[in-house]
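Working notes for the structure below.
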Amino acid sequence: MLIMAFAAVFIFASPYIFRSDSKEGAAAENFFSFKTSAPLFTAAMLFFAVVVIRSLGGFALSFSWKITPMAAFAAVLVTAGGKALGGFASDFFGKEKAAAVSMLGAALLYFFSDNIIFGLLAILLFNMSMPITLRAAADIFKGGRGFSFGLLTFALFLGYVPSYAAKDGMQIGRGTMAILCIISAAMLLAGFALQRRTVHTDDSCNN
């Protein structure tokens, strides 16, 4: 909780600390769109939390079938494939539909993930959220897209910390993982709604 509180302060303070990546080199505060927007700040925190959950689940959930080199390689392959597929799905179907279908589908499949086929499909769908959250964060940090990538990389590290700190490694069950997927889906959709509301508000003000 203390680390999450620090992350929140860091996100809020970033527009006042960093420089923009614009060619003109103008102050980043002119480009970070959430500076005076509580909804966008909340959305950024939601996306940050989703990445922490994805990292935590990836490290803390083990599979009974992942005991051979081929099974481990297959898990790595679908992890990478899910990240790539998430980007295509987001562009083709829209980020809301892609996030909802992938995360809720993963939640269902994790209940049956002792079977290698269902387990691999669950990993594939679960990892589809990575490019979706990265693009959403980049839309918030418009003048600091590199910063948004680094910020979410830090979130990945935070998700790893519990597994590293636990004496015998942190382990979660399939049911817990399914719940985390549902929570992630809710947070993603809430973050998208906050972004959309902010854009509509800005358009109304401009008109």
Side-chain angles (χ1 to χ4, degrees), residues 1-18 28 31-61 82-83 86-87 89-91 93-107 110 125-162 172 176-203:
M1 291 299 295
L2 183 62
I3 295 176
M4 287 296 291
F6 171 77
V9 173
F10 183 69
I11 292 172
F12 182 76
S14 59
Y16 303 93
I17 299 172
F18 295 98
F31 293 86
F32 283 72
S33 59
F34 80 94
K35 180 186 174 185
T36 58
S37 173
L40 284 183
F41 171 71
T42 304
M45 289 302 300
L46 288 171
F47 299 145
F48 186 89
V50 167
V51 177
V52 173
I53 289 174
R54 187 173 68 244
S55 176
L56 175 66
F59 284 109
L61 181 66
K83 297 178 190 302
S90 178
D91 289 341
F93 298 106
K95 57 187 178 183
E96 289 89 354
K97 290 181 180 178
V101 171
S102 63
M103 299 309 294
L104 295 179
Y110 271 122
L125 292 177
F126 183 63
N127 281 278
M128 285 176 62
S129 66
M130 190 279 282
I132 299 173
T133 49
L134 181 57
R135 172 58 190 272
D139 287 340
I140 294 175
F141 300 100
K142 291 184 182 297
R145 290 185 171 88
F147 169 78
S148 68
F149 182 83
L151 183 69
L152 296 188
T153 302
F154 178 59
L156 287 173
F157 166 74
L158 292 184
Y160 166 71
V161 169
I172 61 175
T176 301
M177 191 65 183
I179 293 172
L180 291 177
C181 289
I182 295 171
I183 293 173
S184 295
M187 290 194 295
L188 282 170
L189 294 177
F192 298 150
L194 289 168
Q195 280 186 300
R196 188 167 56 250
R197 188 178 75 181
T198 304
V199 170
H200 289 167
T201 301
D202 291 342
D203 290 341

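Since this is a predicted model, take the numbers as computed values, not measurements.
- Rounding to the nearest 0.5 Å places CG of Leu152 at 15.0 Å from CZ of Phe157.
- One distance of note links CG of Leu134 with CG of Leu151; it measures 10.5 Å at 0.5 Å rounding.
- The distance from atom CE of Met103 to atom CZ of Arg54, rounded to the nearest 0.5 Å, is 8.0 Å.
- One distance of note links CD of Gln195 with OG1 of Thr42; it measures 11.5 Å at 0.5 Å rounding.
- At least one side-chain heavy atom of Tyr110 sits less than 4.5 Å from a side-chain heavy atom of Leu61.
- The shortest heavy-atom contact between Ala138 and Ser148 is CA-OG, 3.7 Å.
- Heavy atoms only, all atoms of each residue included: Ala106 and Phe126 are closest at CB-N, 3.8 Å.
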*So Ile132 and Val50, side-chain contact (heavy atoms from CB on, under 4.5 Å) or not? Walk me through it.*
CA-CA 11 Å; Ile132 299 173; Val50 167; over 6 Å; no
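- When every heavy atom of Ala43 is checked against every heavy atom of Ile140, the shortest pair comes out as CB-CD1, 3.9 Å.
- Of all non-hydrogen atoms in Phe192 and Ala136, the two that sit nearest each other are CE2-CB, 3.8 Å.
- Note: Leu194 CG to Leu40 CG = 8.0 Å, rounded to the nearest 0.5 Å.
- For the residue pair Ser90/Arg135, the side-chain donor-acceptor check at 3.5 Å is not satisfied.
- Side-chain contact between Leu56 and Pro162 is present, with heavy atoms from C-beta onward closer than 4.5 Å.
- Residues Val51 and Leu156 meet the side-chain proximity criterion, which asks for heavy atoms closer than 4.5 Å.
- Between Ser184 and Ile53, the closest heavy-atom pair is OG-CG2, 3.4 Å.
- Contact detail for Leu104 and Ala185: the closest heavy-atom pair is CD2-CB, 4.1 Å.
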